[in-house]
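First listed ligand is number 1; within each ligand, the first listed atom is number 1.
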Amino acid sequence: MSPTTKRIVVLISGSGSNLQALIDALNTPALPNAEINLVVSNRKAAYGLTRAAQASPPIPTAYLALATYLKQNPGKTRQDYDAEVAKIVLRAKPDIVILAGWMHILSEGFLELLDGRKNVDSEEDISVVKPIPVINLHPALPGQFDGASAIERAFEAFQKGEITYSGAMVHRVVKDVDRGEPIVVREVPFVKGETIEEYETKLHNVEHDIIVEATRKILGESQSS
Ligand SMILES: Nc1nc2c(c(=O)[nH]1)N[C@@H](CN(C=O)c1ccc(C(=O)N[C@@H](CCC(=O)O)C(=O)O)cc1)CN2
Ligand SMILES: NCC(=O)N[C@@H]1O[C@H](COP(=O)([O-])[O-])[C@@H](O)[C@H]1O
């Protein structure tokens, strides 16, 4: 790895098709001079962990579920879990952290360590000098269907005649869920008579593009700053 190679950490909870889009784009004009150094999942069965292991070269993975963490650490809180996830991430020294279907709302326990407002109180050299950008892929447009099950809620609104399109976005992650500054936004129209599966396929294809575009954009910004 050259000293200018950008380091990417990806957080997942499921299939990892967006992780795969990032893997496939590495060191192409779509995502030059970058590598994925770690994939973290909060679900053991996440197929994205398999995608990482089967990448060439294989991508290191980590797994930590909230329920398991709380059971193994009596008295610890969700914030403590989030801080633990942050430490796992920071050990990989990322230039960017991408939430690609990471289905866990991150508290300040995570965010304050990634943006340097608080440093890890340990001897490890994982202090943050410059805030590390954290971005999230969300299957809806800014301010429309924040939170989980966005695709289903958007499709239901279409069926009720309330909307004619939805879309997907990649945004900066802030404490308020899906309220961070949009980085890339793409509208996806509904087609009368299409099934939710047909809409979802269209949407996922758009997501696979915008997650790479947004990553390239943010890494480019950090390059020039
Ligand atoms: N602080 C932030 N954390 C996260 C954000 C964010 O914008 N700010 N984005 C989410 C991703 N996401 C929507 O894009 C999202 C994921 C999960 C949930 C949610 O309700 N999660 C529940 C658990 C659900 C489950 O385990 O199936 C929870 O965390 O309690 C809402 C929105 C990622 N994190
Ligand atoms: N609110 C967050 C959210 O709903 N994220 C969604 O999870 C899926 C992950 O797919 P993948 O595991 O195949 O990449 C994507 O559709 C992404 O938009």
| message | Check whether N27 reaches the backbone of N33 with its side chain - one donor and one acceptor, N or O, closer than 3.5 Å. | response | yes

| said: Under 4.0 Å, heavy-atom basis, I'd like to know which part of E108 is in contact with ligand 1: side chain, backbone, both or neither. | reply: neither

| task | Indicate whether any N or O donor in one side chain lies under 3.5 Å from an N or O acceptor in the other, for H171 and N136. | result | yes

| Any donor-acceptor N/O pair, Y69 side chain to T77 backbone, under 3.5 Å | no

| Are the charged groups of E221 and K217 less than 4.0 angstrom apart, N to O? | no

| query | Within less than 4.0 angstrom of ligand 1, does R172 place any heavy atom? | reply | no

| message | So does E198 get a backbone contact from the side chain of T195, meaning a donor-acceptor N/O pair under 3.5 Å? | response | yes

| said: Can you confirm, on distance only, whether ligand 1 has an N/O atom lying under 3.5 Å from any N/O atom belonging to R78? | reply: yes

| task | Give the intermediate values and the outcome of side chain to side chain contact (heavy atoms under 4.5 Å, CB included) for residues I8 and L219. | result | CA-CA 9 Å; I8 301 171; L219 289 178; 4.2 Å; yes

| task | Could you establish whether G180 and ligand 1 come within less than 4.0 Å of each other, counting only heavy atoms on the residue side? | result | no

| remark: Near V173 (heavy-atom distance under 4.0 Å), the atoms of ligand 1 are 2 (C), 6 (C), 8 (N)

| Sidechain N-carboxylate O distance under 4.0 Å for E108, K118 | no

| task | Identify, by atom number and element, the atoms of ligand 1 in contact range of A148, meaning under 4.0 Å from any of its heavy atoms. | result | 31 (C), 32 (C)

| task | Start with the C-alpha distance between N119 and S127, add both sets of side-chain angles, then the distance that settles side-chain hydrogen bond (donor to acceptor under 3.5 Å, both in side chains), and finish with yes or no. | result | CA-CA 6 Å; N119 269 320; S127 57; 4.9 Å; no

| task | Determine, for E213 against R186, whether the closest basic-nitrogen to carboxylate-oxygen distance falls under 4.0 angstrom. | result | yes

| For V174, atoms of ligand 1 separated by under 4.0 Å from a heavy atom | 1 (N), 2 (C), 6 (C), 8 (N)

| message | Please list the nearest protein heavy atom to atom 11 (C) of ligand 1 with its residue and the distance rounded to 0.1 Å. | response | N136 OD1, 3.5 Å

| Does Q20 have a non-hydrogen atom less than 4.0 Å from ligand 2? | no

| message | Just to be sure I read this right, does ligand 1 sit under 4.0 Å from the backbone of L106, its side chain, both, or neither, counting only heavy atoms? | response | both

| request: Sort out for me which residue in H208, R51, H204, E207 forms a side-chain hydrogen bond (donor to acceptor under 3.5 Å, both in side chains) with S17. | output: H208

| said: Students should be able to answer this: which protein heavy-atom is nearest to atom 34 (N) of ligand 1, and at what distance? | reply: H104 O, 2.8 Å

| query | Considering only heavy atoms, does H171 approach ligand 1 within less than 4.0 Å through its side chain, its backbone, both, or neither? | reply | side chain

| query | With a 4.5 Å limit on heavy-atom distance, are the side chains of D80 and L70 in contact? | reply | no

| task | Considering heavy atoms of the protein only, find what lies nearest to atom 10 (O) of ligand 2 and give residue, atom and distance to 0.1 Å. | result | N18 ND2, 3.6 Å

| note | Under 4.0 Å from one or more heavy atoms of G147, ligand 2 contributes atoms 1 (N)

| Donor on one side chain, acceptor on other, N37 and E35, under 3.5 Å | yes

| If you measure from each non-hydrogen atom of D178 to ligand 1, which part falls under 4.0 Å: side chain, backbone, both or neither? | both

| query | Between S107 and ligand 1, does any nitrogen or oxygen pair lie at a separation below 3.5 Å? | reply | no

| task | Pick one of side chain, backbone, both or neither for how L99 approaches ligand 1, counting any non-hydrogen atom pair under 4.0 Å. | result | side chain

| note | Quick note on ligand 2: atoms under 4.0 Å from a heavy atom of H204 include exactly 16 (O)

| field | Between Y199 and F190, ring centroids under 6.0 Å | value | yes

| query | Is it true that L137 lies under 4.0 Å from ligand 2, counting heavy atoms only? | reply | yes

| query | Got the closest protein heavy atom to atom 12 (O) of ligand 2, with its distance? | reply | G16 N, 2.8 Å

| query | Between K202 and E187, is there a salt bridge with N-O shorter than 4.0 Å? | reply | no

| message | At less than 4.0 angstrom from any non-hydrogen atom of V177, what atoms of ligand 1 do you find? | response | 6 (C), 7 (O), 8 (N), 32 (C)

| message | For atom 13 (O) of ligand 2, what's the nearest protein heavy-atom neighbour? Residue, atom name and distance, please. | response | S17 OG, 2.6 Å

| said: Between H138 and D146, is the side-chain hydrogen bond (donor to acceptor under 3.5 Å, both in side chains) condition met? List the steps. | reply: CA-CA 8 Å; H138 183 59; D146 294 345; 4.7 Å; no

| message | How far is atom 2 (C) of ligand 2 from the closest protein heavy atom, and which atom is that? | response | M103 SD, 3.7 Å

| field | Under 4.0 Å to a heavy atom of P139 - the qualifying atoms of ligand 2, by number | value | 3 (C), 4 (O), 5 (N), 18 (O)

| Identity of the nearest option to atom 27 (O) of ligand 1, non-hydrogen atoms only, from R43, K175, R179, M103 | R43

| task | Give the atoms of ligand 1, by number and element, whose distance to some non-hydrogen atom of G147 is under 4.0 Å. | result | 31 (C), 32 (C)

| said: Using the rule side-chain contact (heavy atoms from CB on, under 4.5 Å), only one of L90, V89, D115 pairs with I132; which is it? | reply: L90

| E84 with K76: basic N within carboxylate O range, under 4.0 Å | no

| query | For ligand 2, which atoms have a heavy atom of E207 less than 4.0 angstrom away? | reply | 15 (C), 16 (O), 17 (C), 18 (O)

| query | What atoms in ligand 2 come closer than 4.0 Å to a heavy atom of H138? | reply | 1 (N)

| Contact check: I151 vs ligand 2, nitrogen or oxygen atoms, below 3.5 angstrom | no

| request: Please tell me if the side chains of V9 and K93 come closer than 4.5 Å, counting only heavy atoms from C-beta onward. | output: no

| 4.0 Å heavy-atom contact, A150 with ligand 2 | no

| query | How close does the nearest protein non-hydrogen atom get to atom 7 (O) of ligand 2, and which residue and atom is it? | reply | G101 CA, 3.6 Å

| note | closest protein heavy atom to atom 18 (C) of ligand 1 is I105 CG1, 3.8 Å

